[in-house]
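Each remark here refers to the structure printed beneath this line.
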Amino acid sequence: MIDLKYLRDHPEVVRLSMRKRKHSGDEVDAVLSLDEEWRRLFTRQNNLRSEQKKRSEEIATRKRNKEDVTAEIVEMKELAQQVRELEVTLKEKEEALQGLLAKLPNLLHSSVPEGSDDSANLCLRSWGEIPSFSFTPLPHWELASRLKLFDLERGSKVAGSGFILYTGWGAKLERALINWMLDFHGRKHGYQEVFPPFVVNRETAFGTGKLPDFEGQMYTFTNADLFLNPTAEVPVTALFAGETLKAEELPLSYVAYTACFRREAGAAGKDTRGLLRVHQFDKVELVKFTRPEQSFAELETLVRDAEEIIQALELPYQVVELCGGDIGFGAAKAYDINVWAPGAGKWLEVSSCSNCTDFQARRLNTRFRNPESGKLEFVHTLNGSGVALPRTVAALLENHQQADGSVRLPPVLVPYMGVERITSA
RNA sequence: GGAUGGGUGGCCGAGUGGUUUAAGGCGCCGCACUUGAAAUGCGGUGGGCUAAAAGGCCCCGCGGGUUCAAAUCCUGCCCCAUCCGCCA
């Protein structure tokens, strides 16, 4: 949520940010005019209530003195009716205002590049060599089929297309990657491990900015007002909703594994081969709570922490900075990590790291007391994949495939897998 | 899922319709006394909205309702504890 007071005082700044996201900016004016109307009604109601309170106290005093107050009470009924009516109008305006405000995306950081889609994203750095092969590299779905790593038909049979049944070494690789990533971020980067629920309630989905606009992306239940979480970002970021964190313990860093569920409505047929786009996938997520002045520096270390995973897996990648038109709803600034997949012949997004500044914290009401000012302030929240598994598995299989049809495992995974390569045997 | 008892400020806890602007205590902060500390005394000590300010309004788990007036009465929901049932 954007700070309404900030929007009031700096409408032009907000408008420019909206335009950078390729919105019209008209939403800002709609908010401003509703806000003005709301404040007018609020002041009126405030004054009426004040009068109501004073006169009620008078009635109380006179009643104690055994005076007759019938006439006053008749007058007060009229006043109470006015207050009630105004209250209803006020509530309608307030809900409309909050509704508009809740749909405004976060303010972009000034460093975010201009552009309307991913073609305008800025490549910041790359790592690793694009591998060359003495043979034609196979796409991961071919490799998986030969090595029996997953079974798309049976996954589809029990749940539907886009739900993967991992088998044999494929199943073990999935588990190994999850365990290794959790251990790696915990030991090497000091993230605290949590294992959150895979479902979240409405407040949590709203607080992290997934509602009201992205309800269609989440799986829901017909017998409970819950959502299957689309990413561990959602439950973990909401961990301290309504709480005040201690300034001295910030930044707080968490690492969490969850399965992630996305309907991917309307995405059918686009990059859907094999593991490229699925409805359920595993992901290890990094989440940070920081003081405002730390958050952009923490975003840099967050993305580096995610990069180290890809480096340890010996996969070539690039880090891109998202442009205004491509950046997520809650983010002020974001980086993606794209890994090269030589079999599929494309870059695969395996991580997205965002600084959501105070946007989620304001919705969730997660604050800290600033020791310098003595005031309560919203924390900044950050999240990043560290990393998402299916496309990482795809890239790993494709990059490390050998002429003999086996797949070499990077050394970090050997202790978790118990073998140095995956073979069909 | 059922039954019972609970949910009041940082914490404990009083309060069953109107001097409650939420008693009292603990904790914390400041000051005084003291060589220092303890003890003691005095004062202060939540959040939000609105307003240029003074001020005003809202918040006793959350939402509705009754009333001139609600922490207090009614109602729906949530959470905690205990017991029962079911269950990995």
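The basis for the numbers below is simple: all heavy atoms, side chains too, and nothing from hydrogens, waters or symmetry mates. The model shown is predicted, which means the values in this text are computed figures rather than measured ones. Residue numbers start from 1 in every chain, and the chains themselves are labelled A, B, ... in the order their sequence lines are given, proteins ahead of strands.
Residues forming a salt bridge (Lys or Arg N to Asp or Glu O under 4.0 Å) with E37(A) (at least two apart in sequence, or on another chain): K93(A).
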Enumerate the protein-to-nucleotides 69-71 of chain B contacts in which both atoms are nitrogen or oxygen and the separation is below 3.5 Å.
| unit_1 | atom_1 | unit_2 | atom_2 | d |
| --- | --- | --- | --- | --- |
| A69(B) | OP1 | Q52(A) | NE2 | 3.4 |
| A69(B) | O4' | S56(A) | OG | 3.3 |

Mind listing the N/O atom pairs, protein and nucleotides 55-58 of chain B, below 3.5 Å?
| unit_1 | atom_1 | unit_2 | atom_2 | d |
| --- | --- | --- | --- | --- |
| G56(B) | O3' | S50(A) | OG | 3.2 |
| G56(B) | O2' | N46(A) | OD1 | 2.9 |
| G56(B) | N2 | N46(A) | ND2 | 3.0 |
| G56(B) | N3 | N46(A) | ND2 | 3.3 |
| C57(B) | O4' | N46(A) | OD1 | 2.3 |
| C58(B) | OP2 | K53(A) | NZ | 3.2 |

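Within 4.0 Å of L376(A), counting heavy atoms only, lie sugar-phosphate atoms of the nucleic acid but no base atom. R44(A) comes within 4.0 angstrom of nothing in the nucleic acid, heavy atoms only. Within 4.0 Å (heavy atoms only), R367(A) reaches sugar-phosphate atoms of the nucleic acid but no base atom.
Atom-to-atom, CG of N365(A) to P of G47(B) comes out at 12 Å; the value is rounded to the nearest Å.
In RNA chain B, the stems built from three or more successive Watson-Crick or G-U pairs (distances below 3.5 Å) are B:1-7 with B:78-84, B:10-12 with B:24-26, B:27-32 with B:40-45, B:46-50 with B:55-59, B:61-65 with B:73-77.
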Mind listing the side-chain donor-acceptor pairs of residues 320-334 of chain A below 3.5 Å, one per line with the distance, residues two or more places apart or on another chain?
| unit_1 | atom_1 | unit_2 | atom_2 | d |
| --- | --- | --- | --- | --- |
| E321(A) | OE2 | K333(A) | NZ | 2.5 |
| D326(A) | OD2 | N121(A) | ND2 | 2.9 |
| K333(A) | NZ | S111(A) | OG | 2.6 |

Per-pair distances, 0.1 Å, donor-acceptor, side chain in residues 190-199 of chain A, under 3.5 Å, sequence neighbours excluded:
| unit_1 | atom_1 | unit_2 | atom_2 | d |
| --- | --- | --- | --- | --- |
| Y191(A) | OH | D305(A) | OD2 | 2.6 |

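Among the nucleotides C49(B), C68(B), G47(B), the one closest to the side chain of R369(A) is G47(B).
Ion pairing between E12(A) and R15(A) holds under the 4.0 Å rule for side-chain N and carboxylate O.
Spacing of C1' atoms, G13(B) relative to C60(B), comes out at 13 Å, to the nearest Å. With both ends at atom C1', the span from G15(B) to G63(B) equals 24 Å, rounded to whole Å.
Annotation: cation-pi pair R291(A)/F368(A) absent, no NZ/CZ under 6.0 Å from the ring centroid and within 45° of its normal.
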